[in-house]
Amino acid sequence: MEDKYLADSIESKWQKKWADEGSFRVVEVPEKEKYYLLEMFPYPSGNIHMGHVRNYTIGDVVARYKKMRGFNVLHPMGWDAFGMPAENAAIDNNTHPAAWTYANIDTMRSQLKRIGLSYDWDREIATCTPEYYRWEQWLFIQMVEKGMAYRKESYVNWCESCHTVLANEQVEDDCCWRCGETVQQKKLWQWFFRITDYADDLLVHCDKLGGWPDSVTTMQKNWIGKSVGSEVVFEVDGHEETLSVFTTRPDTLFGATFMCLAPEHPMVAQLSKGTDEEEAVARFVARILTQDRSSKAVESYEKEGAFTGAYCINPLTGFKMPIYAANFALMEYGTGAVMSVPAHDQRDFDFAQKYGLTVQVVVAPEGASLDSDTLTEAYTGPGVMVHSDRFDGMESGAAKDAITDYLEEKGIGKKTISFRLRDWGVSRQRYWGTPIPMIHCDTCGAVPVPESDLPIVLPEDAQLLESGGSPLGTLDYFTKATCPKCGNTHARRDTDTMDTFVESSWYFARYCCPDYTDGMVDKEKVAYWMPVDQYIGGVEHAILHLLYSRYFTRVMHDLGLVDFVEPFTRLLTQGMVTKETLTCPTHKWVLPSDTERDGDGAVSCKLCGEPVDVGRVIKMSKSKKNVIDPNTLLNRYGADTTRLFCLFAAPPEKDLEWNDEGVEGCFKFIGRVWRLVAGRVASFSGVEAYTGPAGELSGKSRELYTKINATIKKVTDDVEGKFHFNTAISAVMELVNSMYAMNGEASLRVDVMKRAVETVLLLLNPVAPHVTEELWETLSGTGLLMDQPWPEFREDALVSDEVLIVVQVNGKLRSKFNVPAGASKDEIQALALADEVVGKFIEGKDIRKVIVIPGKLVNIVI
RNA sequence: GCCCGGAUGGCGGAACUGGUAGACGCAAGGGACUUAAAAUCCCUCGGUCGCAAGACUGUACGAGUUCGAUUCUCGUUCCGGGUACCA
């Protein structure tokens, strides 16, 4: 064997062997326990970056580990291939989104293969293929037919100068990112999925997802945002119509002094009509509706409103409440109308101050009183009811129910539950996505495409950026359709495509049967493999992707396609790989590899020489160009070192600010392992590794044997459950260090040393599969290392007859000593008090207390 | 703004369930081998004071609980993620 570790030849040798032998191909084996390990599939943006390498390496180690543990492991990979970047690239580089996407897939596939990941490539999926999205279209139709999908009008960001719809990401400071024009809001008819029908179910199951991080389920619960409250009906002065509001504070109804409506609330125009305020209100609404309506933006705007000129009547006090249109009221939440109680809600208080509105205290904190005229901030806590007529003196919590019951009796209110979660809007006025399989007919309305016509294939020749609407609308032959219901030949096809989150909401099920042509999924295969036992991906998907996938699984369940409702049993949210962003005045975002750093740390652009601005540290993303191409590392050190380093750098759930210093150490470590074997191959020949009782060993052999078994235990514990590969690798490094330290010890048995070497290779195999396989081959010459069972540790090798006791005086470490393992509390205390060093600190002092934790420590309090 | 996280040596990180802070590695410094270099192997390495033994101090900041807090509670600062059309 070579003296020197040569990564390249070893890695290509084993990758070829695995591919030739189909080592990672799996089929259902009913008598074998399955393990479905899935990493979130990537968007094919061009190149694999370090975030991907980290994610996929983590997954690969788990997959290989579980395989060694005897599971039938499904470990697939594919491409989340529809999306906006393909269209942006098409516009910028004059390519076709499909050509760009497929080229990227080829590049990225070969990069992934080079990392030595254990995927069953026979199951590869690209969501942009008709074979995939036809089933999505099919499901869409089922959902329309079951009333799970519907159409309504809703707003999109619109750039008048580019004649195009903009994603939120494409809006910068309320302006179009391409041309700088101010962005408008445009109302369009769009498709929605009724995810709100499942709000309660999704919420309740959050607490049953024991294998998910609490942070994620908490975020999902907050996102769903269930609140219990009351719906209250208000009479409007001089109008027939009434206004309904949802409030979580019916106890404060006596203090409601004005009303706020969402700007798009249908009553706004109606109420202001013919009043002096009509024009001002119209101007206000028009202005607000040009603004970004995302919750992020809406929450950060200064609260403002416009008086509609109309009043409603507080049903309990008869107070004439002015009705405002307000920018913070959201049409999507509750009823789009908010009853405002300035004394007990800070936002309402600020609003009342700004517009000189009445403040009325109705809840006083226990044992105190509040004055409506001098109040400086809202009191939002619980308390005792005041100025609330018959409810005075009642505890405010109890008053919620009492007032609601009273309203219900009078027929002007009822207990209601409201969710923050909104229905999922899926229409996109874009080209590179799944065509929505619907036909619009003047007489029949929206009619599903007949199943026999599926898939509706995405045409290749649509023009981007020219239409003023959906690119597919530019194609006459595509748009023209015959109504499947009445035969009207002047019907029009829906020209929108679906949100790309739809594809990623069911791909995990399709991996079980990627070539199935008789339906969306093969029930039997899905029943064997699903649900996913371990899902791994970036924490940035904690809400949207994961919630949509949970929802879609419920839809598929209710349509009889699958027999489970939760798709992912365990979830590991991997921290992001982050890096500073670099911007050059002429080239905007620039790649780290396109910049140079001089001695003083100043950074300049290699393309133009201009100084580069070093910006914030954010997650690696193609659009911000703060990405590191793993090829540099792969070329220099190989896949095993790259994998080892990604895992060693930090535990998986933590963010990792990229810095490739340190990779050298991982490369050196592999070299150390290599030489450990290379120098001993001859001595091991014919020797069987020792796995017997520890009691038969003594001296260095016993010591090393203990270390071997402790390492197996440590690595297994770290990998199992926690996935803390960084500490697992540290433990193996320690074992290797011990082996070096015992080099040449006469009392060291060769069979124990061989056990040590084999253990290192077995434990390291999932992390560095190529080099360990190569070394295994030189050692034994038979079988694949990855097919060996994971090593078991021997309990008898771990028992120690002495334990270290540390002694503190007043909590400060002063001394330590060994005691026999079974030493009693009294014995330990006596030894501690008799300790020479301890004596110096306690001499002449009163001992107030002695705390003894057997096997651990003594703390003497003086 | 709101929701969810995070902060430990020059750097990445470790510390079980409240019990020795800094495992393992990088960088740095020193030594061995070599004609020399590379590679390799060995040693030192939070800060201050001290010749040393050692003492004091130290886990973003400020309080608190406790015999004992990196760990628990409250408050603050800064950083990251999400915020419904980036994926």
Side-chain angles (χ1 to χ4, degrees), chain A residues 4 40 42-43 45 80 83-85 88 156-157 165-171 195 213-216 218-223 225 294-301 328 332 347 420-430 499-501 504 538-545 547-548 573 575-576 578 616-619 621-624 645 648-651 653-657 659 661-666 668-669 671-672 675 717 724 726-727 729-734 737 740-741 743 804-816 848-851 853 856-862:
Chain A
K4 209 166 163 344
M40 291 179 185
Y43 177 78
S45 58
D80 187 13
M84 216 179 43
N88 291 332
V156 293
N157 297 312
V165 173
L166 299 177
N168 290 341
E169 190 195 41
Q170 298 174 307
V171 179
I195 188 172
D214 289 341
S215 58
V216 174
T218 305
M219 276 190 266
Q220 294 215 347
K221 284 190 225 171
N222 292 338
W223 183 260
S294 67
S295 52
K296 174 173 41 177
V298 170
E299 297 287 329
S300 60
Y301 292 142
F328 58 81
E332 293 92 349
R347 187 181 61 191
R420 208 187 73 97
L421 181 70
R422 307 200 298 256
D423 276 339
W424 177 11
V426 294
S427 293
R428 295 291 180 272
Q429 297 69 43
R430 303 193 192 290
D499 180 3
T500 56
F501 271 124
S504 54
V539 65
E540 69 269 29
H541 294 290
I543 297 176
L544 295 180
H545 162 60
L547 191 65
Y548 290 150
T573 46
M576 280 151 301
T578 60
R616 295 188 316 145
V617 174
I618 58 168
K619 73 165 167 170
S621 88
K622 170 113 174 161
S623 61
K624 302 291 189 292
F645 179 54
F648 185 61
E653 72 281 2
K654 242 191 103 160
D655 284 352
L656 180 59
E657 188 176 338
N659 173 354
E661 275 176 33
V663 65
E664 193 70 36
C666 290
K668 278 203 289 203
F669 172 64
R672 260 165 91 77
R675 286 187 300 278
D717 286 351
H724 278 195
N726 56 333
T727 48
I729 292 165
S730 293
V732 180
M733 285 175 169
E734 283 188 52
N737 288 346
Y740 267 89
N743 218 355
L804 182 71
I805 300 290
V806 298
V807 188
Q808 299 177 333
V809 178
N810 281 348
K812 284 187 185 175
L813 177 70
R814 295 304 181 186
S815 183
K816 42 183 130 179
R848 297 208 323 227
K849 202 171 175 186
V850 180
I851 289 127
I853 312 287
K856 275 259 158 72
L857 106 175
V858 179
N859 189 11
I860 301 164
V861 187
I862 53 175

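Classification of B:G9 as syn follows from a glycosidic angle within 90° of 0.
Residues A:Phe669 and A:Glu664 have side chains not in contact (no heavy-atom distance under 4.5 Å, counting atoms from C-beta outward). Residues A:Leu813 and A:Val806 form a side-chain contact, since some pair of their non-hydrogen atoms from C-beta on lies under 4.5 Å apart. Counting only heavy atoms from C-beta outward, the side chains of A:Val807 and A:Arg814 never approach each other to under 4.5 Å. The side-chain heavy atoms of A:Tyr43 and A:Thr500, taken from C-beta on, include no pair separated by under 4.5 Å. A:Leu421 places a side-chain heavy atom less than 4.5 Å from the side chain of A:Leu547. The shortest distance between side-chain heavy atoms of A:Leu656 and A:Thr578 does not fall below 4.5 Å. A:Val858 has its side chain out of reach of A:Gln808: every pair of non-hydrogen atoms, C-beta onward, lies at least 4.5 Å apart.
Judged by Watson-Crick or G-U wobble contacts below 3.5 Å, the nucleotide B:A28 has B:U44 as its partner. Under the Watson-Crick or G-U wobble criterion, with both distances below 3.5 Å, B:U20 is left unpaired in every strand shown. Taking a pair to require two hydrogen-bonding distances under 3.5 Å in either a Watson-Crick or a G-U wobble arrangement, B:U35 remains unpaired. Using Watson-Crick or G-U wobble geometry with both donor-acceptor distances under 3.5 Å, B:C74 finds its partner in B:G62. Nucleotide B:C51: unpaired (no Watson-Crick or G-U wobble partner with both distances less than 3.5 Å). For B:G1, the paired base is B:U83 (Watson-Crick or G-U wobble, both distances below 3.5 Å).
Counting any heavy atom pair closer than 4.0 Å across all strands shown, A:Ser623 reaches no nucleic acid atom. Across all strands, A:Pro42 comes closer than 4.0 Å to no nucleic acid atom at all (heavy-atom distances). Note on A:Asn222: only backbone sugar-phosphate atoms sit closer than 4.0 angstrom, heavy atoms only; bases stay farther off. Here A:His541 lies in heavy-atom contact (under 4.0 Å) with a base. The residue A:Arg814 sits close only to the backbone: its heavy atoms come under 4.0 Å of sugar-phosphate atoms, none of a base. Using a 4.0 Å heavy-atom cutoff across all strands shown, A:Val298 reaches no nucleic acid atom at all. A:Val663 comes within contact range of no nucleotide atom at all, as no heavy-atom separation falls under 4.0 Å. Counting any heavy atom pair closer than 4.0 Å across all strands shown, A:Ala542 reaches no nucleic acid atom. Note on A:Tyr43: only backbone sugar-phosphate atoms sit closer than 4.0 angstrom, heavy atoms only; bases stay farther off. Nucleic acid contact class of A:Leu421 (heavy atoms, under 4.0 Å, all strands): base. A:Gln429 comes within contact range of at least one nucleobase, with a heavy-atom separation under 4.0 Å. Across all strands shown, A:Arg672 has heavy atoms under 4.0 Å from sugar-phosphate atoms exclusively, and none from any base. Within 4.0 Å (heavy atoms only), A:Trp223 reaches at least one base atom of the nucleic acid. The residue A:Lys4 sits apart from the nucleic acid: no heavy atom pair falls under 4.0 Å.
Comparing A:Val806 and A:Ser427 by the nucleotide of RNA chain B whose heavy atom lies nearest to each, the residue mapping closer to the 5' end is A:Val806. Each of A:Val861 and A:Leu857 lies near RNA chain B, and the nucleotide nearest A:Leu857 is the one positioned closer to the 5' end.
Taking atom C1' on both B:G9 and B:G5, the two are 24 Å apart, rounded to the nearest angstrom. Going from the C1' atom of B:C86 to that of B:U17 covers 41 Å, rounded to whole Å. For B:C24 and B:U44, the P atoms lie 11 Å apart once the distance is rounded to whole Å. Nucleotides B:G62 and B:U77 have their C1' atoms positioned 11 Å apart, rounded to a whole Å. Rounded to whole Å, the P atom of B:G22 lies 22 Å from the corresponding atom of B:A27. Using P as the reference atom, B:U8 and B:C72 are 16 Å apart when rounded to the nearest Å. For the C1' atoms, the distance linking B:U59 with B:G12 amounts to 16 Å, nearest Å. Atom name P, nucleotides B:U65 and B:U73: the rounded distance is 16 Å, in whole Å.
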**Message:** Working note: A:Arg616 + A:Ile618, criterion side chain to side chain contact (heavy atoms under 4.5 Å, CB included); need CA distance, chi angles, decisive distance, verdict.
**Reply:** CA-CA 6 Å; A:Arg616 295 188 316 145; A:Ile618 58 168; 3.9 Å; yes
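For the pair A:Asn810 (side chain) and A:Ile862 (backbone), a donor-acceptor distance under 3.5 Å is present.
In 5' to 3' order, the nucleotides of RNA chain B bounding all contacts with chain A (an atom under 4.0 Å from a heavy atom) are B:G1 to B:A87.
Side-chain N/O atoms of A:Asn737 and A:Arg672 include a donor and acceptor closer than 3.5 Å.
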